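From a predicted model like this one, the values you see are computed outputs, not experimental measurements.
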Amino acid sequence: MWRRAGAVPLEAFRLARETDPVAAFGGIVAFNRTVDAGTATELSEIFLEVIIAPGFDDAAQKVLAARKNLRLLVVADEARPAAAFRTISGGLLLQSPDDRLATPDEMRVVTRRSPSEDEWRDLLFAWTVCKHVKSNAIVYARQGQLLGVGAGQMSRIDAVRLGAMKARLPLSGAVVASDAFFPFRDGLDEAARHGTRAVIQPGGSIRDEEVIAAADEHGLAMVFTGMRHFRH
């Protein structure tokens with residue numbers, strides 16, 4: 001029976017840290033489960049600024065209290081804002097919040113090959129992670145583990161290259177998530193060059209057919225979500 005990777009906090013933390021142990025130093029770690037003593041012990045082994053979680057059990061609090069300048073934040077249920085605001089020179093940008101994920105029944109397979117069951121799981125995981133990566137976001141993932149992230153780039157092809165460059169683990173057999181559509185096929189070609197097997201993206205480019213053809217040429221499965229995570 002398939003077991004989701006990172007199903008317990010300690011395992012999830014180890015998988016996340018393995019993605020980029022250098023960036024983990026002095027970082028912020030967030031959990032969606034209560035932190036227990038075992039997880040707290042491993043967290044205390046590296047320098048962290050903040051740990052965020054729905055709760056910390058008594059033993060975990062004792063372990064983490066020994067760390068100087070470490071802040072623990074307990075979060076309640078996520079509030080859903082009616083709108084998102086960004087300040088700009090001379091004004092304010094108002095946009096709809098990115099507060100949901102497309103479900104599989106809303107998605108559309110657009111390539112000749114459909115994702116396998118394992119690829120579907122990884123595509124949905126990567127799409128969730130991609131929601132929290134900003135500006136030309138590209139995410140590589142495999143077996144429930146984040147492998148590489150390309151973010152903050154001026155072009156999507158550069159985000160694809162950066163995500164691959166940042167990966168410490170092999171990308172062969174991985175999936176790729178993109179927060180907005182691929183404007184050209186070059187991003188697909190670059191992802192395929194690293195051995196990726198499936199792609200999830202919003203679709204909606206005037207060159208969608210060109211991008212789909214590129215995916216078919218490489219034998220990739222590709223899913224269109226019909227919604228995007230890209231926000232300014």
Side-chain angles (χ1 to χ4, degrees), residues 16 19-20 22-32 48-54 69 71-103 106-108 123-141 146-167 175-191 199-211 222-232:
T19 298
D20 194 343
V22 174
F25 181 84
I28 297 171
V29 178
F31 293 89
N32 60 4
L48 297 171
E49 296 275 6
V50 181
I51 302 173
I52 306 169
N69 300 319
R71 299 162 181 83
L72 305 184
L73 299 182
V74 176
V75 294
D77 292 338
E78 181 183 355
R80 297 186 177 275
F85 298 91
R86 292 292 297 273
T87 57
I88 59 175
S89 178
L92 191 72
L93 173 64
L94 171 66
Q95 53 191 343
S96 58
D98 184 17
D99 61 358
R100 63 180 292 270
L101 291 165
T103 58
E106 297 176 283
M107 299 178 184
R108 180 166 60 98
L123 288 169
L124 296 175
F125 169 74
W127 184 241
T128 301
V129 174
C130 196
K131 170 177 163 46
H132 302 285
V133 180
K134 303 302 180 185
S135 271
N136 280 330
I138 292 290
V139 166
Y140 292 85
L146 178 64
L147 301 178
V149 175
Q153 301 305 298
M154 271 56 78
S155 70
R156 198 150 298 274
I157 179 64
D158 284 342
V160 176
R161 289 170 177 155
L162 178 61
M165 183 188 75
K166 291 287 291 181
V175 305
V176 173
S178 176
D179 67 339
F181 59 67
F182 285 91
F184 303 98
R185 65 168 289 164
D186 56 0
L188 253 291
D189 292 332
E190 181 68 16
V199 178
I200 186 167
Q201 60 136 321
S205 168
I206 61 173
R207 293 185 176 85
D208 272 350
E209 293 306 315
E210 175 185 320
V211 175
M222 187 160 64
V223 174
F224 280 5
T225 65
M227 66 168 290
R228 71 180 196 170
H229 290 315
F230 184 93
R231 290 291 187 275
H232 292 285

Exercise. Please answer whether the main-chain N or O of A159 pairs with a side-chain N or O of N136 as donor and acceptor at a distance below 3.5 Å.
Key: no
Quiz item: For the atom pair CZ (R156) and CD (E190), what is the distance rounded to the nearest 0.5 Å?
Solution: 14.0 Å
Practice problem: Can you measure from CG (L93) to CD1 (I88) and round to the nearest 0.5 angstrom? | Solution: 6.0 Å
Quiz item: side-chain contact (heavy atoms from CB on, under 4.5 Å) between M227 and R100: does it pass, once the steps are laid out?
Solution: CA-CA 10 Å; M227 66 168 290; R100 63 180 292 270; 3.5 Å; yes
Quiz item: Does a side-chain N-to-carboxylate-O contact under 4.0 Å join R161 and D186?
Solution: no
Quiz item: Are any of the side-chain heavy atoms of Q201 and R228 separated by less than 4.5 Å?
Solution: no
Quiz item: So, for F181 and G204, which heavy atoms are closest and what is the spacing to 0.1 Å?
Solution: CD2-C, 3.8 Å
Quiz item: With sequence neighbours left out, what residues match E209 under salt bridge (charged side-chain N to carboxylate O under 4.0 Å, His left out)?
Solution: none
Self-check item: Non-hydrogen atoms of A151 and V133 that approach each other most closely
Solution: CB-CG1, 3.4 Å
Quiz item: Just wondering, do R207 and R185 contact through their side chains at under 4.5 Å, heavy atoms?
Solution: no
Self-check item: From F31 atom CZ to I51 atom CD1, the distance as rounded to the nearest 0.5 Å
Solution: 6.5 Å
Quiz item: Can you tell me if NZ on K166 sees more than 12 non-hydrogen neighbours from other groups inside 6.0 Å?
Solution: no
Practice problem: Go through the steps to decide whether V175 and V199 satisfy the test side-chain contact (heavy atoms from CB on, under 4.5 Å), and finish with yes or no. | Solution: CA-CA 6 Å; V175 305; V199 178; over 6 Å; no
Practice problem: Would you please name every residue forming a side chain to side chain donor-acceptor pair (under 3.5 Å) with S155, sequence neighbours left out? | Solution: D158
Quiz item: Side chains of R86 and L94: does their closest heavy-atom pair fall under 4.5 Å?
Solution: no
Quiz prompt | Rounded distance (nearest 0.5 Å) linking atom CH2 of W127 with atom CG of D179 | solution = 7.0 Å
Quiz item: So how far is it from T128 OG1 to L101 CG, rounded to the nearest 0.5 Å?
Solution: 4.5 Å
Quiz item: Between atom CG of L123 and atom CE of M107, what is the distance when rounded to the nearest 0.5 Å?
Solution: 8.0 Å
Self-check item: Side-chain heavy atoms of L73 within contact of V50, under 4.5 Å
Solution: yes
Quiz item: Would a 4.5 Å heavy-atom cut-off, applied to side chains only, mark I28 and I52 as touching?
Solution: yes
Quiz item: Quick check: does any side chain N or O of S178 sit under 3.5 Å from a backbone N or O of I138, one acting as donor and the other as acceptor?
Solution: no
Quiz item: What pairs with F184 under ring pair (Phe, Tyr, Trp, His ring centres under 6.0 Å), at least two apart in sequence or on another chain?
Solution: none
Quiz item: Sub-3.5 Å donor-acceptor pair from the side chain of Y140 to the main-chain atoms of V160, do we have one?
Solution: yes
